[in-house]
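Only this structure's heavy atoms are used, side chains among them; waters, hydrogens and symmetry mates stay out. Remember, it's 1-based here, ligands and their atoms both numbered in the order they're listed.
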Amino acid sequence: MVEIEEVEIRKILDSRGNPTVEVDVYSEDAFGRFASPSGASTGIHEVAAFPEGGVDASIDLFQSDVIPQVLGLNIFEQEDLDLLLWELDGTDNLSRIGGNAIVGLSMAVAKTAADLLGIPLYRYVGGLIRDVLPFPMGNVLGGGKHAIGGTDIQEFLVISQGETFLDSVMAGARTHKRVAKILKEKYPDVALGKGDEGAWVAKVSNDEAMEIVSTACREISDEVKFPIQPGLDLAASSFFKDGKYVYREKKLDLDGQISYVGELVDRYELFSVEDPLFEEEFEGYVRLTEEIGEKCLVIGDDLFVTNGERLEKGAGMGACNAILIKPNQIGTLTGTMDAVRLAQEEGYHTVISHRSGETEDPAIAHLGVAFGSIAIKTGAVSGERTAKLNELIRIEEEL
Ligand code: PGA
Ligand code: ZN
């Protein structure tokens, strides 16, 4: 048996400039570290990133109540460890100690185990590795809770589908640049900003944004000679008020929202639509998936929150055909893998994902490979985003 010998936790910054935590694990001559990200448009059913007292309270509780309990445990018994972490927290959403500290330890232990075996994390987690890497799905224009003054729709994404990950990721960044060029030509005197994930933020309507991103995709696709499709993350719960989808220029009821999304899918040949409806609207998701599920991915993020029980409910009804996977939504690697396994059994695609407040940690790149995800949603530019993209370039070389 190889024991967890030493655990450390510290406060660090995320890409938004908010405090978060990273956890270090030592065992024999091996080491693993995971730096936890944080969301801004979080689902109501996610685990809590931090307890009421914030990061400092989380660190204190982790040091007093968690570290002494995990020292000496078998580094390879990931499931037992993750179960114990839930017991030590004692709440049903990790709100006593905080999900970011818990997921930090859970992931750092897996990284240490991989280091002990001398293999990369994607091989250690392993199991579902496909012979192709996930497509990069990058946010190029947006707003919502990730920016001030942007579109109501949170993210306009591009999914580049080249022969290699390297080709795809380069084309994604080029499309991001092309979006800026189009905006500059249309509005030469207006300042252009960037949101939390490196996507452009401009004072354009949702429909105009859709038109611009679709044009950029078409132009770059013609140049590189492989498909580049637009996709959306509406994060609809963030503009759902009193039973209506409230856009700056219009207000839609459920029927209106379903037909609006259907029209966008048809007109712009969307690769994917994420969170197009309110996060409790399972029935509506069933209807929408019946309408557009053959043509594109219908991805549940806030709807499923990487939670196997919520996915089971959705799959039983036929809500969505894909699930976004964010380890810190569910708090442990085991919880994440449970959701992925269930998704595979139910024939749902998985899309591994960053958070809007990220760290430089590249681990989700490995998870995307290990889970056989169809895409990795991790932005198109910015260091904390390219940390994942560049790691996948390295993994592609290795494979
Ligand atoms: P978040 O948003 O990381 O701010 O929660 C990302 C998303 O909605 O996919
Ligand atoms: Zn989302």
Side-chain angles (χ1 to χ4, degrees), residues 14-18 20 35-50 93 99-100 103 134 136-148 150-159 194-199 201 230-240 245 261 270-281 285 296-307 310-311 314 319-320 322-331 336 339 349-359 361 364 367-368 373-380 382 384-385 387-388:
D14 74 14
S15 59
R16 237 194 307 262
N18 289 332
T20 183
S36 304
S38 294
S41 83
T42 47
I44 49 179
H45 297 285
E46 294 190 20
V47 301
F50 300 104
N93 64 350
N100 271 27
V103 80
M137 176 186 272
N139 187 359
V140 295
L141 182 60
K145 291 195 173 167
H146 294 168
I148 300 165
T151 49
D152 308 303
I153 291 180
Q154 183 176 285
E155 300 170 30
F156 293 81
L157 303 134
V158 301
I159 300 88
K194 272 188 187 177
D196 287 343
E197 298 179 351
V201 178
L232 294 175
D233 179 3
L234 287 93
S237 296
S238 66
F239 55 88
F240 184 75
Y245 297 88
V261 172
L270 298 183
F271 177 88
S272 54
V273 285
E274 179 181 331
D275 283 351
L277 302 176
F278 175 55
E279 62 205 300
E280 304 288 17
E281 187 52 80
Y285 269 104
C296 78
L297 295 189
V298 184
I299 308 171
D301 170 17
D302 293 345
L303 180 73
F304 294 139
V305 293
T306 318
N307 181 318
R310 286 185 70 85
L311 176 61
C320 298
I323 176 174
L324 207 73
I325 300 292
K326 293 168 165 171
N328 85 321
Q329 273 183 330
I330 193 66
T336 307
H349 280 292
T350 64
V351 175
I352 188 83
S353 171
H354 65 172
R355 303 307 306 250
S356 52
E358 257 301 330
T359 66
D361 200 297
I364 61 161
L367 295 187
S373 296
I374 187 166
I376 177 163
K377 186 185 169 201
T378 189
S382 292
E384 72 284 2
R385 319 288 153 187
K388 285 75 166 164

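- Contact annotation: for Ala235 versus ligand 1, there are no heavy atoms closer than 4.0 Å.
- Exactly one residue among Glu279, Glu280, Glu46 makes a salt bridge (Lys or Arg N to Asp or Glu O under 4.0 Å) with Arg310. That residue is Glu280.
- Considering backbone and side-chain atoms together, Lys377 places an N or O closer than 3.5 Å to an N or O of ligand 1.
- Atoms of ligand 1 lying under 4.0 Å from at least one heavy atom of Gly39, given by number and element, are 1 (P), 3 (O), 4 (O), 5 (O).
- Around atom 2 (O) of ligand 1, the closest heavy atom drawn from His146, Glu358, Arg355 belongs to His146.
- Residue Glu46 has no N or O atom closer than 3.5 Å to an N or O atom of ligand 1.
- With the Zn ion (ligand 2) at the apex, Asp233 OD2 and Asp301 OD2 define an angle of roughly 170° (rounded to 10 degrees).
- Residues Pro276 and Leu232 have side chains not in contact (no heavy-atom distance under 4.5 Å, counting atoms from C-beta outward).
- Looking at Glu274, its N, O or S atom nearest to the Zn ion (ligand 2) turns out to be OE2.
- With ligand atoms numbered from 1 in the order given, ligand 1 contributes 1 (P), 4 (O), 5 (O) to contacts under 4.0 Å with heavy atoms of Ala40.
- Counted by atom type alone, Gln154 and Ser41 present one or more donor-acceptor pairs between their side chains at under 3.5 Å.
- In terms of heavy-atom proximity, Arg16 sits nearest to Ser38 at NH2-O, 3.1 Å.
- Here the protein heavy atom with the shortest distance to atom 6 (C) of ligand 1 is Lys326 NZ, 3.5 Å.
- The local environment of CD1 in Ile148 is sparse, with at most 12 non-hydrogen atoms from other residues, nucleotides or ligands closer than 6.0 Å.
- Taking a cut-off of under 4.0 Å to the non-hydrogen atoms of Asp301, the atoms of ligand 1 that pass are 7 (C), 8 (O), 9 (O).
- Between Ile299 and Phe304 the shortest side-chain heavy-atom distance does not fall below 4.5 Å.
- Between Tyr245 and Leu277, some side-chain heavy-atom pair lies under the 4.5 Å cut-off.
- In this structure, His354 does not count as a contact residue of ligand 1, since none of its heavy atoms falls inside 4.0 Å of the ligand.
- Those atoms of ligand 1 with a heavy atom of Glu274 less than 4.0 angstrom away are 9 (O).
- Within the 4.0 Å heavy-atom cutoff, Lys145 does not count among the residues contacting ligand 1.
- Taking any N or O of Asp233, backbone or side chain, at least one lies under 3.5 Å from an N or O belonging to ligand 1.
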Practice prompt. Walk me through it: do Asp301 and Lys326 pass the test side-chain contact (heavy atoms from CB on, under 4.5 Å)?
Written response: CA-CA 9 Å; Asp301 170 17; Lys326 293 168 165 171; 2.9 Å; yes
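- Classification of Arg355 and Asp14 as a salt-bridged pair fails, no side-chain N sitting under 4.0 Å from a carboxylate O.
- Of the polar atoms of Arg16, none of the N or O atoms is found under 3.5 Å from an N or O of ligand 1, judged by distance alone.
- For Asp302, no heavy-atom contact with ligand 1 is shorter than 4.0 Å.
- Annotation: side chain of Leu157 is in contact with side chain of Lys377 (closest heavy-atom distance under 4.5 Å).
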